[in-house]
Amino acid sequence: MGALLVGIGAFLARTENWRAYAPLAGDPAATGGSHEHEQGHGHKPSGIIRWLTTVDHKDIGVLYGTYGVIAFLWGGVAVLLMRLELTTPTSTLIEPSLYNALLTSHGITMLFLFGTPIIAAFANYFVPLLIGADDMAFPRINAIAFWLLPPGALLIWAGFFTIPLPVDIGPAQTSWTMYAPLSAQQPNPGVDLMMLGLHLTGVSATMGAINFIATIFTERGENVTWANLDIFSWTVLTQSGLILFSFPLLGSALIMLLLDRNFGTTFFAVEGGGPILWQHLFWFFGHPEVYILVLPMMGLVSWILPKFAGRKLFGFKFVVYSTLAIGVLSFGVWAHHMFGSGMDPRIRASFMATSLAIAIPSAVKTFNWITTLWNGRIRLTAPMLFCIGFVSNFVLGGITGVFLAAIPVNLVLHETYYVVGHFHYIVMGMIAFAGFGAIYYWFPIVTGKMYQKTLAKWHFWLSMIGVNITFFSMLLMGYLGMPRRYATYDFNPALAPLASVELLHQVTTFGAFLIGLGTLVWLWNIVQSWAEGPEITDPDPWNTKRDGLHGREFAWFEEQLAADGKLATTDGGEASDASRGSSELRSDGGEADEEQLATDGDAEEQAQPTDD
Amino acid sequence: MSDRIFDRETLLDLTVNVIPLGILVFFVGAYAFIGSFPDDPVIVLIQMSIIVLTGVALSVLTYFSGKAISGAENEMDDYIPAGYSEADAEVAGVPSEPESDASDGAE
Ligand code: HEM
Ligand SMILES: [Cu+2]
């Protein structure tokens with residue numbers, strides 16, 4: 001608790017600093033104008049003060065990204081501990097109570113502290129560049145939204161910090177869904193702290209969403225209209241709408257739960273509103289939440305994949321309209337998470353109908369990506385590999401979702417590892433993959449450096465193989481009836497094939513460690529290349545100009561390079577930088593071996609959009 | 001341009017959202033005519049409104065976004081593809097024509 005208070009104190013002190021700095025930037029909250037911020041950006045203080053006081057969308061993007069990566073690492077460590085425990089049916093390594101705590105922390109961390117922030121990282125950095133805005137509409141609200149997140153994380157993880165202390169506060173064991181009555185009755189104050197932390201992250205996400213909506217509506221540059229808004233900004237806009245309508249609801253439900261826990265109200269007690277009320281409220285937020293996480297990532301892939309297929313995104317408008325359709329439909333499907341809860345079968349049937357309908361726009365996007373690849377001049381750079389992995393994993397993740405949306409199937413597979421396999425194909429196989437792809441793709445812009453190509457490919461293949469081993473065996477375990485969220489599975493072998501389940505658990509653990517290894521490779525690559533990689537002087541590191549696919553963000557990068565006097569004069573001959581390191585340090589873009597993948601005759605043809 | 005709200009091109013783009021709508025309509029019909037559960041007006045009202053309200057919301061959003069997009073399209077003289085600056089588009093020799101013509105016709 002003490003450490004927490006010190007942390008909060010430190011945070012408030014920072015806020016003071018930041019206020020002292022703010023007058024530099026005029027009063028953008030009142031004017032919403034963009035000229036004022038330019039001055040602010042002109043004189044950035046240096047060192048740590050810069051990062052604590054920044055209102056520049058790019059810096060805030062980097063802050064979000066760093067935060068998301070830290071959360072990803074913690075969530076990863078938590079799950080690897082759990083996977084180790086699950087290699088044997090009995091409890092060997094950690095107490096079941098610690099298992100439950102890690103499970104809860106893994107879920108909440110990955111969804112709220114990694115997923116949402118990592119998207120905010122890309123959106124903050126690149127949406128203003130892509131739409132030609134000087135900055136976000138409300139730069140300081142942007143900073144506030146970010147700075148709500150660190151205290152949120154401290155609160156969410158608080159129960160772990162207090163384990164060594166002589167206080168009666170432990171980590172929450174509610175799982176990420178916090179179902180009543182369990183969550184209402186566990187006396188541990190760590191649960192309250194976690195909910196308060198969640199509340200902060202919800203406020204942060206809502207502020208960010210309002211900011212994005214305002215930015216995309218009002219700050220678009222000349223020539224950027226609804227007809228040619230880029231696909232990533234479309235998905236961020238839709239996601240922001242989803243956040244706006246769902247996160248405040250989560251906030252209210254959390255407050256009701258806190259009241260139930262601490263002030264004797266009965267919102268979710270059997271004699272009051274009932275535990276099912278919590279499920280309805282939670283999933284009315286929870287299903288949109290999964291699309292909040294996946295839509296912008298679909299936007300990233302729709303933006304990046306065409307660059308390495310040498311042609312424009314096929315059926316751009318289809319992708320836009322199906323994004324909007326997913327946005328609306330995702331508010332009508334929430335009870336497919338509750339088919340087993342005993343609600344009226346007629347109402348249950350309705351949620352099956354809406355859930356089947358939402359599969360269509362999702363599938364439309366998949367077909368658009370595949371068609372974009374068709375006859376394209378494919379270049380298998382690291383960002384492209386992650387995009388293709390994303391599409392491939394979506395096929396499995398999406399189809400298993402449609403199966404689960406069928407009531408009879410759901411009643412068999414609900415609460416088994418099948419569900420865990422389904423959504424991990426999506427959250428790890430798509431959301432994390434798109435994140436990695438985008439980090440590689442924009443690495444030159446953000447860091448001015450190039451990453452190491454060989455390591456990036458190791459990262460991809462370790463992750464891709466790891467994901468498919470891990471989560472496919474989860475699907476199989478689900479078919480065998482292995483229930484989710486158990487620390488042990490020492491059941492009677494007469495009930496289910498214990499030996500197969502144990503083997504599959506071990507395979508799953510193996511796969512999880514492959515993913516972990518890949519992530520370490522990635523971390524090393526990013527850190528080392530950022531610190532000592534070759535500087536980028538070519539404004540077109542991906543050779544997209546010749547296809548007419550050079551985006552606004554790289555045009556901005558070109559201006560930056562020119563302003564700094566770093567622009568390579570003629571073609572992108574980076575040979576000078578290659579002297580710095582071994583061949584490993586070479587850039588990923590436009591190299592001979594990749595060029596050769598293309599059949600030259602075709603290439604020219606594909607560059608020109610065909611007319612009929 | 002004709003006096004219709006959507007030209008043919010836009011209508012074609014909008015079909016993508018008509019399919020999920022069609023699925024919703026199908027289920028409304030199926031549940032209304034071949035449902036085997038006993039009638040309870042309140043439950044049936046809830047049952048139908050979940051599907052119908054979702055469908056209505058989808059139609060409304062599709063309509064307004066379609067209008068905004070095709071309206072913006074008609075006002076533009078030079079079409080710059082989504083996400084690219086004018087200079088870029090010129091350097092790259094991207095033709096100034098609506099995206100849908102270029103990409104949908106690419107087969
Ligand atoms: C193709 C569209 C999809 C359909 C039809 C679908 C359907 C379902 C269904 C029916 C369940 C409930 C399974 C059960 O608990 O018995 C479920 C669970 C889940 N889905 Fe999906 N899904 C789809 C896409 C997605 C996407 C895109 C994401 C993530 C971005 C996602 C994330 C999840 C999560 C996190 C859960 C488990 C929640 C929990 O109980 O902890 N799904 N899905
Ligand atoms: Cu769902």
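Residue numbering restarts at 1 for every chain, and letters A, B, ... go by the order of the sequence lines.
- For the options A/Ile347, A/Thr544, A/Thr372, A/Leu130, heavy-atom pairs under 4.5 Å to chain B are most numerous at A/Ile347.
- Heavy atoms only, all atoms of each residue included: A/Val328 and B/Leu61 are closest at CG2-CD2, 3.4 Å.
- Heavy-atom distances place both the backbone and the side chain of A/Tyr321 under 4.5 Å from chain B.
- Minimum interatomic distance between B/Thr54 and A/Gly332 (heavy atoms only, all atoms of both residues): OG1-CA, 3.8 Å.
- For the options A/Ala335, A/Pro345, A/Gly132, A/Pro361, heavy-atom pairs under 4.5 Å to chain B are most numerous at A/Pro345.
- For a residue to count as touching a neighbouring chain, one of its non-hydrogen atoms must lie under 4.5 Å from one of that chain's; by this rule B/Ser49 does not touch chain A.
- The parts of B/Ile69 that come within reach of chain A are both its backbone and its side chain, each placing non-hydrogen atoms under 4.5 angstrom from that chain.
- Nearest heavy-atom pair across A/Ala349 and B/Tyr31 is O-OH, 2.8 Å.
- Atom CG of residue B/Leu58 and atom CD1 of residue A/Ile358 lie 10.0 Å apart, to the nearest 0.5 angstrom.
- The two residues B/Leu12 and A/Phe318 come nearest to each other via the heavy atoms O-CE2, 3.7 Å.
- Here B/Gly66 is the residue among B/Gly66, B/Gly71, B/Ser70 with the most heavy-atom pairs under 4.5 Å with chain A.
- Counting heavy-atom pairs closer than 4.5 Å to chain A, the top-ranked of the candidates B/Ile43, B/Thr62, B/Val60 is B/Ile43.
- When A/Val333, A/Leu129, A/Val224, A/Thr225 are compared by the number of non-hydrogen pairs under 4.5 Å with chain B, A/Thr225 comes out ahead.
- In this structure, the portion of A/Val320 lying under 4.5 Å from any heavy atom of chain B is its side chain and not its backbone.
- Screening B/Ile51, B/Val28, B/Ile46, B/Val52 for a side chain to side chain contact (heavy atoms under 4.5 Å, CB included) involving A/Ser350 leaves a single residue, B/Ile51.
- When all heavy atoms are compared, the tightest approach of A/Leu229 to B/Ala82 is O-CB, 3.4 Å.
- Closest non-hydrogen pair, B/Pro20 versus A/Ala357, comes out as CB-O, 3.7 Å.
- Looking at A/Trp303, the atoms closer than 4.5 Å to chain B (heavy atoms on both sides) all sit in the side chain, from C-beta outward.
- Separating the CD1 atom in B/Ile23 from the CG atom in A/Leu356 is a distance of 7.0 Å, to the nearest 0.5 Å.
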